[in-house]
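Take a look at the structure below.
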Number of protein chains: 2
Amino acid sequence: MDNKTHILNCALTLFANKGYDAVGVQEIVDTAGITKPTLYHYFGSKRGLLDALVARESTSLFTAIGSSAVYNGNILMCLRGVASGYFKFALNNKEYYRLQLAMWFSGKNSETLEAIFPSLEQQHRMLEEIFIKASIDHGNMKGRHKLYSATFLGTINTYIGLALNSDLVLDDQLIYKAVHQFMHGIFS
Amino acid sequence: MDNKTHILNCALTLFANKGYDAVGVQEIVDTAGITKPTLYHYFGSKRGLLDALVARESTSLFTAIGSSAVYNGNILMCLRGVASGYFKFALNNKEYYRLQLAMWFSGKNSETLEAIFPSLEQQHRMLEEIFIKASIDHGNMKGRHKLYSATFLGTINTYIGLALNSDLVLDDQLIYKAVHQFMHGIFS
DNA sequence: TTTTATCTATACCGTTCGGTATATTACGGG
DNA sequence: CCCGTAATATACCGAACGGTATAGATAAAA
């Protein structure tokens, strides 16, 4: 594993466990077994390190989900695929998913929200596209794609949050149930 | 308004908008128009300030919700009351609710999670009691009170999160729908 | 072999961090 | 009127902050 990757991995663990602002650059380089100039050579700044980390991980997220997130005429099946993709990614990247949630809920004027915002927007766009296309087949869904994508992602994150605390096991049955519950909310 | 309250209010705004770790003590006292020794006279430490803030606001939360959160034989009505209480509190205390969410999702080893943990636990206990009592009338709910309280609060927070971003209006109709959707998930 | 670009370490920068020693003010009770 | 306590300010502490100037190492290219 090259040095850059190793630094990113160390930073991820620290950020996820203590929070971005609570971790000092010195702590990161000590953990990674390097010195400051090395880090600044690769990433330019602490913020640059965070941006690089988010870029790497969110690319991985979209790779894992992208193929499922295409509307194929069956909204239920499609959402089940997306939910399954999210669950799998979150469980395979627990630290990053925790960090993403923390950044999402961080203050409006915080650097961390600014850093995660593009990835969040892209996730919403991806979901909205599904609901827009689905509304061609399901008229009563028309014009609500923003609301649907937000509540759907919120529901997913609720379950992932529970699973990250080991209060819940994310199996196929749960995916089925979560999506069913979500769709029932739409059609009733 | 006395000085102590004024300092707490200033700290709340700063913490909610920038994050606890990203706000310095100097910034707080400048905003409040005081000096450091005054703050340390009242609160002892930065952490003491956060604890005092959480204590004040979470007391206010339980005051707002407590009366609704008593099972009265009608689980649907009860949950509607709780949801309504949460929504009202969150909209009347937007900054604190945002801060609470941020602290909830902050890293496992972070000071902020430690500070909010008791309040979160109390909220869960309150909800679990409802579901335990309700399971006497509804046998199929038995033994799932932890899961139910977690997903119910998760659902509520999803909607509050959307409302705090002005993507949603939290009216009575939405409460009805959210609780109905939640109960449908339980009984199906 | 010399050159050039990449990578890394030593040592340091000014600033801000959370926190405090000391002194002064304000004020109510004896 | 003096005394004690609570409240506030000035000025400062050592440590940690994010970041960098400089130079030595390394290795591929010329």
Side-chain angles (χ1 to χ4, degrees), chain A residues 1-56 99 102-103 106-107 109-117, chain B residues 1-56 99 102-103 106-107 109-117:
Chain A
M1 179 175 42
D2 69 347
N3 223 343
K4 210 170 165 180
T5 305
H6 179 236
I7 297 171
L8 284 174
N9 292 344
C10 291
L12 171 56
T13 300
L14 289 170
F15 289 161
N17 284 311
K18 301 181 61 176
Y20 174 77
D21 289 304
V23 176
V25 173
Q26 192 61 55
E27 196 177 353
I28 300 171
V29 299
D30 287 347
T31 303
I34 56 162
T35 55
K36 279 196 199 180
T38 303
L39 188 149
Y40 280 89
H41 168 72
Y42 284 119
F43 304 105
S45 67
K46 189 189 177 187
R47 172 60 190 275
L49 172 62
L50 179 64
D51 288 337
L53 181 61
V54 169
R56 187 186 75 169
L99 179 60
M103 293 172 82
S106 64
N109 306 327
S110 69
E111 264 188 289
T112 45
L113 179 58
E114 191 183 312
I116 201 67
F117 201 78
Chain B
M1 179 176 43
D2 69 347
N3 223 342
K4 210 171 166 180
T5 305
H6 176 60
I7 297 171
L8 284 174
N9 291 344
C10 291
L12 171 56
T13 300
L14 288 170
F15 289 162
N17 284 312
K18 300 181 61 175
Y20 174 76
D21 288 304
V23 175
V25 173
Q26 193 61 54
E27 194 176 354
I28 300 171
V29 299
D30 287 347
T31 304
I34 57 162
T35 55
K36 280 196 199 178
T38 303
L39 186 149
Y40 280 88
H41 169 72
Y42 285 119
F43 303 105
S45 67
K46 188 189 177 188
R47 172 61 190 274
L49 171 62
L50 178 64
D51 288 336
L53 180 61
V54 169
R56 186 185 78 169
L99 178 61
M103 292 171 82
S106 64
N109 306 328
S110 69
E111 264 188 289
T112 45
L113 178 58
E114 191 183 311
I116 200 66
F117 201 79

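In this text, all values refer to a predicted model and were calculated from it rather than measured experimentally. Sequence lines set the chain letters: A, B, ... in the order given, protein chains first and strands last, and positions in each chain run from 1.
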Earlier contact from the 5' end, DNA chain C, for Ser45(B) and Gly33(A): Gly33(A)

Thr38(A) side-chain N/O to dA9(C) phosphate OP1/OP2 under 4.0 Å: yes

Spacing between Asp2(B) atom CG and dA6(D) atom C1', to the nearest angstrom: 14 Å

Side chain proximity check, Met103(A) to Leu50(A), heavy atoms < 4.5 angstrom: yes

Closest to side chain of Tyr42(A), choosing from dT20(D), dC7(C), dT8(D): dC7(C)

Any residue of residues 13-27 of chain B with a heavy atom less than 4.0 Å from an atom of DNA chain C: Val23(B), Gly24(B), Val25(B), Gln26(B)

Any Asn3(A) side-chain nitrogen or oxygen under 4.0 Å from OP1 or OP2 of dC7(C): no

Candidate nucleotides dT10(C), dG18(D), dT10(D), ranked by approach to the side chain of Pro37(B) - the nearest: dT10(D)

Side-chain heavy atoms of Ile28(A) within contact of Leu49(A), under 4.5 Å: yes

Residues Arg56(B), Asn9(B); criterion side-chain contact (heavy atoms from CB on, under 4.5 Å); working and verdict: CA-CA 11 Å; Arg56(B) 186 185 78 169; Asn9(B) 291 344; 2.8 Å; yes

Integer-rounded Å distance: dA9(C) P and Ile34(A) CD1: 7 Å

Whole angstrom value for the distance that separates P of dG18(C) from NZ of Lys36(B): 7 Å

Phosphate contact (dT20(C) OP1 or OP2) by Tyr40(B) side-chain N/O below 4.0 Å: no

Salt-bridge present (Glu114(B), Arg47(B); N to O < 4.0 Å): yes

Taking every non-hydrogen atom, the tightest pair across Asp21(A) and Asp21(B): CB-CB, 3.5 Å

Side-chain donor/acceptor contact of Lys46(B) with base of dG18(C) under 3.5 Å: no

Test log, rule side-chain contact (heavy atoms from CB on, under 4.5 Å), inputs Tyr42(B) and Ile34(B): CA-CA 12 Å; Tyr42(B) 285 119; Ile34(B) 57 162; over 6 Å; no

Nucleotide of dT8(D), dG19(C), dT20(D) approaching Thr35(B) most closely (side-chain heavy atoms): dT8(D)

His41(B) side chain near dA7(D) phosphate (N/O to OP1/OP2, under 4.0 Å): yes

Gap between atoms CZ and P, on Phe43(B) and dT20(C) respectively (whole Å): 16 Å

Any side-chain heavy-atom pair of Thr31(A) and Thr13(A) under 4.5 Å: no

